[in-house]
Structure formats: C-alpha cells, structure tokens
2 protein chains.
Amino acid sequence: MMSMSGKFKLWVIHALLGLECIHAAEPHHDATDSGDTGAQKMKRVIEEEHEIGFIQTLLVHPTPISVQQSDYQTIEVYESDHFGKVFLLDEALQLTERDAPHYNEMLAHVPMMEYLAVQQPDEGGTINALVIGGGDGYVTSELLKYPNVVIDHVDLDKEVINVSKEHFEWSSAWEDERVNLIVGDGAAFVREQVEKKKKYHVIVQDASDPFWYDENGEKIILPSHVLYDMKHFDGIYALLEDSNGVFMFQAETYNIPSNLEEIQTWKKSLEEIGFDGVRYGSIAIPTYSTGQIGFFVAHVSNKDMVCKSDGGVCTMDLSAGLIDWTVVSSQFEKITGTTKYYHPRIHRSAFDLPFWVEEAIYDSKE
Amino acid sequence: MMSMSGKFKLWVIHALLGLECIHAAEPHHDATDSGDTGAQKMKRVIEEEHEIGFIQTLLVHPTPISVQQSDYQTIEVYESDHFGKVFLLDEALQLTERDAPHYNEMLAHVPMMEYLAVQQPDEGGTINALVIGGGDGYVTSELLKYPNVVIDHVDLDKEVINVSKEHFEWSSAWEDERVNLIVGDGAAFVREQVEKKKKYHVIVQDASDPFWYDENGEKIILPSHVLYDMKHFDGIYALLEDSNGVFMFQAETYNIPSNLEEIQTWKKSLEEIGFDGVRYGSIAIPTYSTGQIGFFVAHVSNKDMVCKSDGGVCTMDLSAGLIDWTVVSSQFEKITGTTKYYHPRIHRSAFDLPFWVEEAIYDSKE
C-alpha cells in the first residue's frame, strides 16, 4: 500500500473498513474567504462527482470539534450552522446530524419491518441482526428500537467508534447489552460465520463505495468492492434464515451512470444467488450528492415479491408487493421511541422510482 | 428600479416574469481551472443556499450555445457533458435537458390526472388549462399529451420563448393549434380573466421564487411574491371550475427552513380560501439544490381529500386520498407519447414525505 498515491490510499483504507456510506466522489475541503455566514471564514467540505460534472459544497466552522488519526484514517468532526455536527473520514462527508436520520432510519427499519411483516418472532423470541459497517452507531441504535433484537455489529476502526461515542448521542447504542460489538473486517466476519453455520434474521450492510471515478474518468476499483461481489453476497445468503431472512445494503445513487450500472449488476447478482423480492429503494437526503441515495432490500424465501414485467414496461406493484402494510403500521406503533424520517408509507413509497430508473433497473436487457 | 443593486434588479426582473422554477439561491458562475473534465476549462454554474450553508456547482462548457439579452434579463444556454443543455436566466439555473422531465412532467401530469380521476370530460369535450410562467414550454408540451386539452399559456418574455424554440425540442408545443400563447404578466392575466368570468379545469403555475435570503441572512421579498399571495390564490380559485378545478404550483423545497415556513403558510392560505385536498408533493431532481423540489396541488370541491389528524400525528392516507388510482392508470395509458419520470405510482408516492416534514406541514400549530 505504500506505493499508492495519497488519495487512493485514503480510499483503500476507507473501503477496507466497511464503514457507513460515502459517495463515489472526490472529497476535499479547504478554507476560503467566500461563502461566509458571518465574520468567521467557513471551511468548505466538497464532494466532486467528476462523472457528471457536479460538485457539492457544505460550509462548516473552520475549527474542528475533533481530529483523530487512527491506524486507518483521519477522523474529523466539525460544527455547521444548519446541519449540526458533520462527520468526515479522510475528508469525505459521512453524515450530518440533521439528515443522518434519513439514511440510517431507512437502513434499519425497512429490513426490520419487511421481516416482521412476513414473520413475527414467537413470544420471547429474538431477532438476530448483523450490522456490517455503520461505524457511527446510528443503524445499530435504530435497530435497538425493536425490543427483542440482538445485534452483532462488526466494524474495523475502534477509533471511529470512540469518536462517535464522544460526539453523537445515538452511539450510546453500544452500551446496550443486546449489542455485541466486534472490531474487525466485515467480509472476513461473514466468511467465519458461514463456516460456523450462524444464522441471522436481518443483515444490514452500511458500507463505503466499491469504486470511484477519478478526475480523468478512470474507474478505480476500491477494496470495499469485496462487500459487493458475488462471493460476499453468497455468504450473506448463507447466513440468512431460510424461512425469511432479509438483507439490506447501501446501493448508491441512480443519478450517476456508473452507479446505475452497478445497481443493475447487483440486482442480477442477488437474483442469481437466489434472493427474492430484490428491490431498489430511494432515500431523499440533501447532503449526499444529487440529494438521493438508494438501498437494496432482498429476501430469502419470499417468492411472490418480484417484479412483474408487462410488454417491456415494468408494471409491478413494488410499493405493495407481498407486504401487509397493516401489519407494518401495527409493528411501527410498537417500536421504542420515535423516528424523524421513517414511517410505513415512505417505506412503501421508497420503491416508486422515476420511470426511467425503473426501466433501467427492472427491464434491463442482459 | 434604477436604484436597485444589480443582483437585486436581476431578481426583480426575473420574478416579474412568472417564469419557470428557480431556486431561492444566489446564482453566479465563473470559469476556473479546476473541475475540468478534459483539456477544456469548464465554466461553473453555482447556486448558493446561504441559509443552510450549501453550495451546488454544475460544470458546463465555457462557450455558450446562445446568449441573448432581452428587455428583462440575460438568457443563456450552455452545453454540459452529462446534463445536456443547461438553461440560465440571469445566471440562475432554470433547467437541464437531462432532469427537466422530473419537474415538468410532475407539474403537468399530476393536476391533469387528479382532474381526470375525479371527472372525465364528455365525449368531444375539452379540458381548459392555464399555464402561468413556464417560459421554456416544457409544461405546456406535457399538457398537450392529453388530446382534448386546450391551453392558455401566459409568459412575459418573448425572447425566452424564442431562445427555447431554437434550442429545446419540447418548445414545438407552441406550434400546436391548441395552445394560445399570451405574452404578458401572469398575475394581471389572472385578474383580467376573473373579471371576464373565464373558467379553467386545470391551472399550473410554474413560477420563480417569491423571496430570497441574501448572504447577510436578510430576507428579500421578490416581486413574484404576488403570485404566492392570498389575492392571487383567490383569483386562481375564482377561475377554477366549481365542479372540480385543480391548481398546481411550484412550492419550493422542505430542506430550507424559510421555504418550509412558506410551505406551511401557503397551505393555510389555500385552505382559508376554500381549496380542498391541499397537498404538498415532492420531486427528486439532482440539479435543484438539495436534490428536491415540491409542489402544491389543490382542488375545488373535493371535500374528502384532506388530512385526518389523529392525536397530533398526521395519519392521513395522502397517497390514496379520494383518487381512484385504477382510473389514473387507465388514463395514463391513453396519453400521447411517453414519460421519463411520471407514472401513477410515483404520483401517489410524491405525497409520502419524511415524517418530520409531514409533521411540519400537516400538524403545524398556528
């Protein structure tokens, strides 16, 4: 790794962590004298999407609340006027306090609700969940709103966890006795659990990007690619309960062509492995480039939750599917605490995509 | 107007036009030597949202395809690598060819479908539509996909229409004999039609922003405010058919607090006037700041399409409402041509907002 350029090295390290979502963007930030909101010069957190000629800039206060160098990366927390605390890894925006609920609530509640809609645990029974990545603790904290959940949470960088514990309220999740935190490599953990024949009801993968396009239009395959390949998805499938296991993972934006191609590939891969009801859902989130990020949710043994094509045009009722929304609403009333973004209707609606996106994902000719 | 600063004057002129949507952002663009996609230096089209410390930049080719100075504003068209042609008025991004369908199809098809879902015209009968603003012609072109529509389209700047005719395929709409193009002030036109007791079935207002926050945090009331005030909404109400008139208008983003406050105000105003089924819907669009813009749709005499509050939490089934989605799907199959963004399910889903947004809009304490 010593021979890599600084930028690429950052991404390699980043990707190895299997941490929470980052964009396929070139991140950098610097202080300038424009864009001030007052007398103080603001620092600019920049995400460049070279592939589409799109740049997003977030203004934060120049003095960081926290800067930590771990064995793997630089971990920074800044304050912003509107978006609250802003969490960066190697200068890449990971989340802001204000809109983090958009992403993290969907990653937790969609798979849990889809599990519960089909199969509710017996009295006193537990729901075994695995979280891969999500080093800020937010997805895990949302999963804990289900009283009978137990969670294995695997993440690589202990220092990310420590910084999150200090600065983000949701990181109290790890103090909950229902959480088993494993500091280690997510892909390796999956392989080990497959060997041990471990089973989970719900698996959430909150991982970094598998590739990136640089400023020269070159596609750079990043190490987190292993969290998006057939072998890993095979492992996930093996870990899920046959009766109704649910897999949820961060799946990029449809607004960037290379991302959309990957979305098509992932869908095909998941279906080849045997997953059913493989659906791409959308989350509106202002601080992720282009204001949108998506996820895949996929089921084991849920044969009817599939797209029904009609004359080349996708006419499936993705928003209804096999799911009983009355059950989801009823289960939603039982969770501990409240949500800021998630509710059963937005869960259902997340699968209603722009028409050109539905055609690309569900009617792609292979 | 001569005493105004250049920037404010641009906005005043802009707003007077009642043209298509612009953001409540400070627009400017300049050529820099970074962000190139090749050897050519790219020009930056920048939208600054001072209120939330958020900046969006789109890279376009530096040589404009067209620059025209009208009596009211500078009209520019640029080429971009990914988003196709980019249309600017006084340096503010109005649309890009790639994602313009997201916004314009929703502004046209949502009100038409909501009209048709409740009341279909008699055999050979016409649907009278009014378009206020939308000087690029896109909304009008979408409305023409309904064979029995006739349209009054009022816009101020003849030069915008001429530039659009030259550069955007959808502007062939004005050649259709079903369109009556009126070059003039939208608010005045509404007042005149009210006096003439004219009636429309569907009114679409594709207008510019009513206010703007400058870099010092000062709220600047813009002249298009008159298109968002009670008197104007009263006029719109009077122009709509009593049996089922539908009003649709551009209604900003919930991601900016001042915009969200205005959204709350507009809802209250519309309901006080007597509109029913007043609902805010969301459109995902990457080149509008924060990736989201919204609209209001409101009905005359559609008493049951209202939010039902339950213990302070909004539990209305906005996505179902009174609308018969089977009828919408059936009507959708009858339109001329195809759509890129709109389909009946995304129409329905547009009203399923983040939970905190629903609470803000539908449960706001006044």
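What you see below is based on every heavy atom in this structure, not just the backbone, and it leaves out hydrogens, waters and symmetry mates. Order of the sequence lines fixes the chain letters, A, B, ..., with proteins taken first and strands second; residue numbering starts at 1 for each chain.
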Asks: Check whether any side-chain heavy atom of B:W356 lies under 4.5 Å from a side-chain heavy atom of A:H102, and answer yes or no.
Replies: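 In contact.
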Asks: Can you tell me how far the CD1 atom of A:I52 sits from the CZ atom of B:R98, to the nearest 0.5 Å?
Replies: 8.5 Å
Asks: Could you grab the distance from atom CG of B:L59 to atom CD of A:E49, nearest 0.5 Å is fine?
Replies: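 Output value for this atom pair is 11.5 Å.
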Asks: Taking the side chain as everything from C-beta on, heavy atoms only, tell me whether B:I55 gets closer than 4.5 Å to A:R44.
Replies: yes
Asks: How long is the gap from CD on B:Q56 to OG1 on A:T57, to the nearest 0.5 Å?
Replies: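 Nearest 0.5 Å value for the CD-OG1 distance: 10.0 Å.
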Asks: At a heavy-atom separation under 4.5 Å, does B:F83 approach chain A through its side chain, its backbone, both, or neither?
Replies: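 Contact with chain A is through the side chain of B:F83 alone.
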Asks: Could you go through the side chain to side chain contact (heavy atoms under 4.5 Å, CB included) check for B:R345 and A:E358 one step at a time?
Replies: CA-CA 11 Å; B:R345 281 179 294 107; A:E358 290 202 351; 2.7 Å; yes
Asks: Going through the distances and angles, do B:R348 and A:D352 end up as a side chain to side chain contact (heavy atoms under 4.5 Å, CB included)?
Replies: CA-CA 9 Å; B:R348 186 181 62 186; A:D352 295 331; 4.2 Å; yes
Asks: Is it true that atom NZ of A:K340 has more than 12 heavy atoms of other residues, nucleotides or ligands lying nearer than 6.0 Å?
Replies: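 No, not enclosed.
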Asks: Determine the option with the most heavy-atom pairs under 4.5 angstrom with chain A, choosing from B:P257, B:S80, B:A284.
Replies: B:P257
Asks: Between A:F54 and B:P286, which heavy-atom pair has the shortest distance, and what is it?
Replies: CE1-O, 3.4 Å
Asks: Looking only at heavy atoms and a cut-off of under 4.5 Å, which of A:E105, A:Q292, A:H82 has the most pairs with chain B?
Replies: A:H82
Asks: Could you please spell out the steps behind the side chain to side chain contact (heavy atoms under 4.5 Å, CB included) verdict for A:E51 and B:D81?
Replies: CA-CA 9 Å; A:E51 194 180 335; B:D81 286 339; over 6 Å; no
Asks: What's the spacing between A:I285 CD1 and B:T290 OG1 if we round to 0.5 Å?
Replies: 11.5 Å
Asks: Mark yes or no for whether B:H343, through its side chain, and A:L353, through its backbone, hold a donor-acceptor pair below 3.5 Å.
Replies: yes
